[in-house]
Amino acid sequence: MLHVYVPRCCGLVHIEKALCVFQRNDYEPDIVYFCPKKKAALVRPETLKFPVPDCIVKILSESTEVRDRGVKFEHYAAHGVREYWIVDPEAETVEQDLLTEEREFRLNLKSNNGHISSVVISGFLIPVRAIFDSEENLAALAVLLK
């Protein structure tokens, strides 16, 4: 849904295969968002290595969960990723962590229902169920496209 919504607010979304360069490691998160200011200053059509994203969405898997909740979680916060969503398709939950002034993530939301609103992506609000249910997803897309 982000790839539908974001072009309207002038940021940039990449889904997979966006190599993001951090100080000591490079990562390819599942979904990344760059704010309009960062997009204008640091991202060009020929960009192969991207800067640290403003928001990362990770689709959790059993094989990567320890790293996603451990080393990556800490590294993303230390490098200024402002918002981190962990989507668990098995439990059908989404966790939203927000960066604090101390450069640590604080859990803002963990839910399998209700709505989730991005702090970084202005105006982006969707039902949590739309992430996991195709009919809910289509209904949420229709609202976003209005």
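Position 1 is the first residue of the sequence, and the numbers go up from there.
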Got a second to check how far [X]'s [atom1] is from [Y]'s [atom2], nearest 0.5 Å?
X: I86; Y: E65; atom1: CD1; atom2: CD; result: 8.0 Å
X: I31; Y: H3; atom1: CD1; atom2: NE2; result: 9.0 Å
X: D88; Y: E62; atom1: CG; atom2: CD; result: 10.5 Å
X: D97; Y: K110; atom1: CG; atom2: NZ; result: 10.0 Å

Is the shortest heavy-atom distance from the side chain of [X] to the side chain of [Y] under 4.5 Å?
X: I116; Y: I126; result: yes
X: E28; Y: E16; result: no
X: F132; Y: P127; result: no
X: E95; Y: R69; result: yes
X: V87; Y: V94; result: yes
X: C20; Y: F34; result: yes
X: V143; Y: L125; result: no

Are L98 and Y76 linked, directly or through other ILVMFWY residues, by side chains that come within less than 4.5 angstrom of each other? no
Is it true that F124 and I15 fall in one hydrophobic cluster, defined by side-chain heavy atoms closer than 4.5 Å?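 The answer is yes; both residues are in one hydrophobic cluster.
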Determine, stepwise, if the pair N108 / Q96 fulfils side chain to side chain donor-acceptor pair (under 3.5 Å). CA-CA 6 Å; N108 186 57; Q96 178 190 41; 2.7 Å; yes
Please give me the minimum heavy-atom distance between [X] and [Y], naming the atom from each residue.
X: P53; Y: V32; value: CG-CG1, 3.6 Å
X: V6; Y: G11; value: CG1-C, 3.4 Å
X: A18; Y: H14; value: CB-CB, 3.6 Å
X: N113; Y: S111; value: O-OG, 2.6 Å
X: N137; Y: A130; value: ND2-O, 3.0 Å
X: I121; Y: Y5; value: CG2-CE2, 3.9 Å

For [X] and [Y], indicate whether the former's side chain and the latter's backbone hold a donor-acceptor pair under 3.5 Å.
X: D30; Y: I59; answer: yes
X: E83; Y: V119; answer: yes
X: K38; Y: V52; answer: yes
X: E136; Y: R129; answer: no
X: T100; Y: E104; answer: yes

Among I56, V81, V13, V57, which residue satisfies the side chain to side chain contact (heavy atoms under 4.5 Å, CB included) criterion with Y33?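 With Y33 as partner, side chain to side chain contact (heavy atoms under 4.5 Å, CB included) holds for just one option, V13.
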Which hydrophobic side chains are connected to L107, either touching it within the sub-4.5 Å cutoff or through other members that do? none
Going by the side-chain hydrogen bond (donor to acceptor under 3.5 Å, both in side chains) test, name the single residue among K58, H75, H79, K72 that passes it with Y27. H75
Restricting to pairs with a member in residues 113-128, which pass salt bridge (charged side-chain N to carboxylate O under 4.0 Å, His left out), not counting sequence neighbours?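 For residues 113-128, and leaving out neighbouring residues, there are no salt bridge (charged side-chain N to carboxylate O under 4.0 Å, His left out) pairs at all.
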